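Fair warning: this is a prediction, and the values are worked out from it, not measured in the lab. Labels below follow one simple rule: chain letters A, B, ... track the order of the sequence lines, proteins then strands, and each chain is numbered from 1.
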Amino acid sequence: MNTKTLKKSEKKGFFSRLKRGLSKTREILTTDIDDLFTANRKLDEDLLEELEELLITSDIGVSTAMDIMNTISKKASEIKDAHSLKQVLKDEIIGIISQVPTTTNTVSEKPHVVMVVGVNGVGKTTTIGKLAARQTTQGKKVLIAAADTFRAAAIEQLTIWAERAHAEIVKHKDNADPSAVVFDSIEAALSRNVDIVYIDTAGRLHTKINLMEEIKKIKRTIAKKMPQAPHEILLVLDATTGQNAISQATLFNEALEITGLALTKLDGTAKGGIAISICSTLNLPLKYIGVGEQIDDLQDFDPKAFVEALF
Amino acid sequence: MFDNLSNKLGTAFKKLKGHGKLSEKNITDGLREVRMALLEADVHYKVVKRFIADIKERALGQEVMNSLTPGQQVVKIVNEELTMLMGGHHQELVLSGTRPMSIMLVGLQGSGKTTTAGKLAIYIREKGFHPYLVPADVYRPAAIDQLTKLGAQISVPVYPSVADMDPVDICREARGAATKAGCDTLILDTAGRLHIDETLMAELRRIKEAVRPSDTLLVADAMTGQDAVNIAESFDGVLDLGGVVLTKMDGDARGGAAISIKSVTRKPIKFIGVGEKLSELEPFHPERMSSRILGMGDVLTVIEKAQAVMDEKQAIELEKKLRKSQFTLDDFRDQMVQIRKMGSFSDLIGMIPGMNKAKQLKNLEVDDNEFVRIEAIINSMTPQERRIHTIINGSRRKRIAKGSGTRVQDVNKLLKNYAQILKMMKKINKGGMRGLGRGMLPF
């Protein structure tokens, strides 16, 4: 993001911002959602097929889509027209997401340590920049650990974000041991009376055993300094990703016990439906969504608003 | 990554093959499985719909119904249609026209453009060209630094872009700088952008008009879901792409995006990224990949990889050994150094026909440190033990463990893995290899 274009964006509510992002979807999708739900359409085979297409092209996954379709078929008697179908669909999806317990981030000890993990290119560094900025504007003291020592210029990128967010940063040289960076960061955070520590880790494919071992070690290193930490482990997912996101979430969860998800790049045409399947199958809360490149383009996830904007 | 798709299709085909005579219902049921497999692999809904409709039409036609083995006929049709969908032969990078030439890389944020730029630089340098890297991403923090560092790592000159320059100017001015530096091919690393961002898409068009690149490649993530068609269509619409690079193919994505992108743009996938190292870029061979989707493996790639690091004689020997199952522990150790040069062990196994279907091999992940241990263990065996592994009993195992400074469990593990590989090779050589007849196909 260019500093030139970093215009002071007006504080809009979650809904309008998300809608702004997702509304572009409507223009591109071949199936016009509003057409699909026009009030006087009858519930017939064609409508159901279009609904199936709508669900599957949102990346919600075949099995979740089939489950939803089955429920709708069972409730067919109470669905008189397309309009009530829309309501049943929304309720169904909200039902899936709302089963997941929402954990509250009560800061029990200082610093509160948040590890941010994910595959390559999902937006971990940008998400940390946004999260840090959010906390510093609330008067919190934030420290960022530059534990992605592998990718070229990852440290430089994070340094720029730390400056923008007015957060402190602890960094080593390229190719340093990430666990050492994390160790120093926690030590620094403890001595400097920091409120929140965000740990930026290198992107890694969930199937690489060595790299998954490395990230487990990072977690153990944190616990050595602070037995209760990390207090949160946030898995960042790209909304553009399809069914593979399930595999990502499953394997990262097995390795680290993820506490929440962040879904990025929702300002494109991808709808990130896979997050719905992940929430329900792994019982993980979706906490944040990224809807743009500006520093304040990160929102708390609200199931009702999300579904409203989706359909 | 296509392995998962092949497994799914394998199950679908099994159901079809079970029937001596096919009714319309059999075919519909079988194709439903194929449809689910493709959708779960992230192939776009509309692409799947068309694909299934085409197959169904052919499958219900005379050629199948009159055939003695209708089930296999349907499988053949699926194979043919899939091959057609994936495209014909490997298409090379277009490097032609007046020098300096340019290759332009475009794509969404985080798809892997910068890493691909570094990999392509190495690729064209090996072909005898002189690459020049041009960082044209002035938006993302430290993007220019990233490419500059990669350039330094591989000793390729990098244009000294500055973040407050206009990307179009950077690309235009870099041409003169490249010629001065004695380079003939520019690799333009543009900023990641959303395909619906009109301002930034217009910027790409201006770069293209200013530089007239000889090839324009869309860099796309292999894990992309249903949105792949929108992304590919938009970029192709604005830029008339020359081809596609699919990145992060070393994960476990099912790879439906490849089929979707190819199907909507008709543009070839030219390369695949298979790792984070800058050498990990491979030319994409559609004909090999579609046989891999259908579970027929990819012996050619294995042999080609081997040839890149060994001399031809050695490669032929390895091929012979792979085919004849005469793969002793001695060979195992000798090939280890070469195998390490060729990429990860599990990658290689995945390319051997039939191996991707072997469930017991799924947990056979050998990490690089383990190579050292394996070598030590084999070195501690007697020549006879290395030739005939079955004679290694309990007391021999203890001795070997002691001699190699490992535990008996490590020795057991190695022997178990080795025995599995041998077993698989025997199976393959009995039936999996191409050209052994239709009935022998693994599905």
K.L.:
Name the region of B/R193, side chain, backbone, both or neither, that has any atom closer than 4.5 Å to a heavy atom of chain A.
P.N.:
neither

K.L.:
Between A/P178 and A/T201, is there a side-chain heavy-atom distance shorter than 4.5 Å?
P.N.:
no

K.L.:
A/H206 and A/N244: which non-hydrogen atoms are nearest, and at how many Å?
P.N.:
CE1-OD1, 3.4 Å

K.L.:
Heavy atoms only: give me the nearest A/F252-A/R204 pair and the separation to one decimal.
P.N.:
CZ-O, 3.7 Å

K.L.:
Answer yes or no: is there an ion pair linking A/E293 with B/R140, defined by an N-O contact shorter than 4.0 Å?
P.N.:
no

K.L.:
Which region of A/E213, side chain (C-beta onward) or backbone (N, CA, C, O), has a non-hydrogen atom less than 4.5 Å from a non-hydrogen atom of chain B, or is it both or neither?
P.N.:
neither

K.L.:
Select, from A/L205, A/T125, A/L251, A/I274, the one with the greatest count of heavy-atom pairs under 4.5 Å involving chain B.
P.N.:
A/L205

K.L.:
Sort out for me which of B/D197, B/D227, B/V229 touches chain A most, counting heavy-atom pairs under 4.5 Å.
P.N.:
B/D227

K.L.:
Tell me the residues of residues 106-116 of chain B whose non-hydrogen atoms fall below 4.5 Å from those of chain A, in number order.
P.N.:
B/L108, B/Q109, B/G110

K.L.:
Do the side chains of A/I68 and A/I60 get nearer than 4.5 Å, heavy atoms only?
P.N.:
yes

K.L.:
Determine whether B/D42 and A/D59 make a side-chain contact, defined as any pair of heavy atoms from C-beta on separated by less than 4.5 Å.
P.N.:
yes

K.L.:
In terms of heavy-atom proximity below 4.5 Å to chain A, should B/L147 be classed as side chain, backbone, both, or neither?
P.N.:
neither

K.L.:
If the condition is side chain to side chain contact (heavy atoms under 4.5 Å, CB included), which residues does A/K171 pass it with, not counting sequence neighbours?
P.N.:
A/A146, A/I155, A/T159

K.L.:
Any heavy-atom pair between the side chains of A/Y288 and A/V236 that's under 4.5 Å?
P.N.:
no

K.L.:
For the residue pair A/T149 / A/H172, report whether a side-chain donor-acceptor contact shorter than 3.5 Å exists.
P.N.:
no

K.L.:
Against chain B, label A/E163 side chain, backbone, both or neither, depending on which of its atoms sit under 4.5 Å from a heavy atom there.
P.N.:
neither

